[in-house]
Amino acid sequence: MTAPTTEKIAPTMREAFVDTVTEALDTDPRVALVLAEISADRFVDAAARHPRRVLNVGIREQALVSVAGGLALTGLRPVLHSITPFLVERPFEQLKLDLNHQGVGAVVVSTGASYDYPTAGRTHMAPGDVALIDTLPGWIVHVPGHPAEVSALLRSAMHADDLVYLRLSEQVNAEPLVTGPGWHTVRRGSRGVVLAVGPMLGPVLAATATLDVTVLYTATIRPFDAGGLREAVRAGTADVVLVEPYLRGTSTHEVNDALADTPHRVLALGVRRDLELRAYGTAEEHEAAHGLDPAGIAAAVRSFLAG
């Protein structure tokens, strides 16, 4: 865990993203920002100062990625940003070809998570984003749980050359915990290990408050910290509950690979694969429908451990 910081923390992940990228544009001539209208109003001043490195391609998400690939080929470090389905699902072929296949790096930053904008309907929801990115090799995937984690992870990503996916959410934990990869122990117990990814930590802690389980947290799900999980399992039982804020079971294969030589059970919680919600509702109602609120998580964990 990190030491407390005196740095002013933005109230939301999206604001932390804007502040951090704006600072980088002013201080690092290698950083470029590519937008497709979304959040363009938040970078007006930065665009005026850096017109050659802040590009708004309009509502053309495929072009967004292709332009970023071209910028990367010139030696720049492009940061791409839009709402999750417009950034991952719609231009997936360009992510595959213009970034992965060309062998160039970029920082892909989404907002909206799985269902943060429910009043906009299914077009603005993308719970399968991390699973889709997972089909491509070499990506680092950050799922921060707090605005301060966004700033730290984003600064590190902009100084590197990797392919990075950073997933912003309206849901946040009570406080920041980490600025780097790996599983971090939040609570120790003996009856099982609960893995909380990003903004799932708050609901997991509430759900397991009276349970004798180890709770591990990460804001970086790829690469997967197999060693950290094995260490936690050696200290307890091989019953693992994986709680992710996107498609259920996205990282189950990573848990199974990490524990390939250890008899174990895995319960995966996340956005349900068998449920297509057609009523807009609120983010909280979507969370409850998918069993990702504290009550749903608690019931699932108790049933699993009793089995």
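Less than 6.0 angstrom separates the ring centroid of H124 from the ring centroid of F86.
Neither I38 nor I59 shares a network with the other; the hydrophobic side chains, linked directly or stepwise wherever heavy atoms of I, L, V, M, F, W or Y lie under 4.5 Å apart, form separate groups for each. Both L242 and V141 are members of a single hydrophobic cluster when ILVMFWY side chains are connected at heavy-atom separations under 4.5 Å. By the criterion of side-chain heavy atoms lying less than 4.5 angstrom apart, applied directly or through intervening Ile, Leu, Val, Met, Phe, Trp or Tyr residues, L168 is not grouped with I83; the two fall into different hydrophobic clusters. In this structure, F224 is a member of the same hydrophobic cluster as I133, with clusters built from ILVMFWY side-chain heavy atoms closer than 4.5 Å. Clustering ILVMFWY residues whenever any of their side-chain heavy atoms sit less than 4.5 angstrom apart, transitively, puts V130 in a cluster other than the one holding Y117.
With H146 contributing its side chain and A148 its backbone, the two residues share a donor-acceptor pair below 3.5 Å. Here the side chain of D225 pairs no donor or acceptor atom with the backbone of P181 at under 3.5 angstrom. Q171 places a side-chain N or O within donor-acceptor distance of the main-chain N or O of P199, the cut-off being under 3.5 Å. Side-chain atoms of D212 never come within 3.5 Å of backbone atoms of G189 as a donor-acceptor pair (strictly under, hydrogens ignored). A donor-acceptor pair under 3.5 Å links the side-chain atoms of T250 to the main chain of L247, judged by distance alone. Between the side chain of R53 and the backbone N or O of V31 there is at least one donor-acceptor pair closer than 3.5 Å. Side chain of D98 to main chain of V65: no donor-acceptor pair is present (N/O by atom type, distance under 3.5 Å, no hydrogens or angles). Between the T185 side chain and the R187 main chain, no donor and acceptor come within less than 3.5 Å of each other. Of the possible donor and acceptor atoms, one in the side chain of S114 sits under 3.5 Å from a partner among the backbone N and O of P245. A donor-acceptor pair under 3.5 Å links the side-chain atoms of E149 to the main chain of G145, judged by distance alone.
Atom CG of L55 sits about 6.0 Å away from atom CG of L71, to the nearest 0.5 Å. Atom CG of L153 sits about 11.0 Å away from atom CE of M158, to the nearest 0.5 Å. Atom CZ in R122 sits 12.0 Å away from atom OH in Y280 (nearest 0.5 Å). Taking CD of Q62 as the start and CD of E93 as the end, the distance is 8.5 Å to the nearest 0.5 Å. Rounded to the nearest 0.5 angstrom, T218 OG1 and L177 CG are separated by 10.5 Å. With values rounded to the nearest 0.5 angstrom, T20 atom OG1 is found 11.5 Å from E15 atom CD.
A pairwise comparison of heavy atoms in A16 and A10 identifies N-CB, 3.5 Å as the closest pair. The two atoms that bring V271 and P127 nearest to each other are CG1-CB, 3.7 Å, heavy atoms only. The two residues L64 and V34 make their nearest non-hydrogen contact at CD1-O, 3.1 Å. For T252 against A268, the heavy-atom pair with the smallest separation is OG1-CB, 3.5 Å. Residues L132 and E89 share a closest heavy-atom pair of CD2-CA, 4.1 Å. For D116 against A113, the heavy-atom pair with the smallest separation is OD2-CB, 3.6 Å.
Looking at heavy atoms from C-beta onward, V21 lies out of side-chain contact with V109 at the 4.5 angstrom threshold. The shortest side-chain heavy-atom distance between N100 and L95 does not fall under the 4.5 Å cut-off. Side-chain atoms of W183 and V197, non-hydrogen and from C-beta on, do get closer than 4.5 Å to each other. Using a 4.5 Å heavy-atom threshold, the side chains of Y217 and V204 count as separate. Side-chain atoms of V88 and Y165, non-hydrogen and from C-beta on, do get closer than 4.5 Å to each other. L87 has its side chain within reach of V108: a pair of non-hydrogen atoms, C-beta onward, lies under 4.5 Å apart. Residues R90 and P85 form no side-chain contact, since every pair of their non-hydrogen atoms from C-beta on lies 4.5 Å or further apart. Here the side chains of I221 and E244 are in contact, with some heavy-atom distance below 4.5 Å.
Around the CZ atom of R60, the shell of radius 6.0 Å holds no more than 12 heavy atoms that belong to other residues, nucleotides or ligands. When the shell of 6.0 Å around CD of Q102 is examined, it contains more than 12 heavy atoms from other residues, nucleotides or ligands. The environment of NE2 in H159 is sparse: at most 12 heavy-atom neighbours from other residues, nucleotides or ligands sit within 6.0 Å.
The ring pair (Phe, Tyr, Trp, His ring centres under 6.0 Å) check on F17 picks up F43, H81, with sequence neighbours excluded. For D28, the side chain to side chain donor-acceptor pair (under 3.5 Å) criterion is met by no residue, not counting sequence neighbours.
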Would T84 and R167 satisfy side-chain hydrogen bond (donor to acceptor under 3.5 Å, both in side chains), going step by step from the backbone distance to the final call?
CA-CA 8 Å; T84 314; R167 189 183 207 257; 5.7 Å; no
Side chain to side chain contact (heavy atoms under 4.5 Å, CB included) between V241 and L269, intermediate numbers included
CA-CA 7 Å; V241 181; L269 302 179; 4.1 Å; yes
For a side chain to side chain contact (heavy atoms under 4.5 Å, CB included) check, start with the C-alpha distance between L259 and L229, then their side-chain angles and the critical distance, and finish with the verdict.
CA-CA 8 Å; L259 302 178; L229 176 57; 4.2 Å; yes
Checking S39 against R14 for the side-chain hydrogen bond (donor to acceptor under 3.5 Å, both in side chains) test, could you report, in this order, the C-alpha distance in whole Å, the side-chain angles of both residues, the deciding distance, and whether it holds?
CA-CA 9 Å; S39 295; R14 199 170 183 181; 2.8 Å; yes
I'd like to know whether V243 forms a side chain to side chain contact (heavy atoms under 4.5 Å, CB included) with L195, so could you lay out the CA-CA distance, the side-chain angles of the two residues, the decisive distance to 0.1 Å, and finally the verdict.
CA-CA 6 Å; V243 189; L195 307 176; over 6 Å; no
Applying side-chain hydrogen bond (donor to acceptor under 3.5 Å, both in side chains), run through S82 and E61 and close with a yes or a no.
CA-CA 8 Å; S82 189; E61 288 82 7; 4.8 Å; no
I would like to know whether L216 and V186 meet side chain to side chain contact (heavy atoms under 4.5 Å, CB included); could you show each step before the answer?
CA-CA 6 Å; L216 303 183; V186 181; over 6 Å; no
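No hydrogens or angles considered: nothing links the side chains of D134 and W139 as a donor-acceptor pair under 3.5 Å.
Residue pairs meeting the salt bridge (Lys or Arg N to Asp or Glu O under 4.0 Å) criterion with at least one member in residues 255-267, sequence neighbours excluded, are D239-R265.
Taking 4.0 Å as the cut-off between side-chain N and carboxylate O, R234 and E231 count as a salt-bridged pair. Classification of R155 and E23 as a salt-bridged pair holds, one side-chain N sitting under 4.0 Å from a carboxylate O. At a threshold of 4.0 Å, the pair R77-D161 does not count as salt-bridged, since none of the basic side-chain nitrogens sits closer than that to a carboxylate oxygen. Between R222 and E254, at least one side-chain N (NZ, or NE/NH1/NH2) sits under 4.0 Å from a carboxylate O, which counts as a salt bridge.
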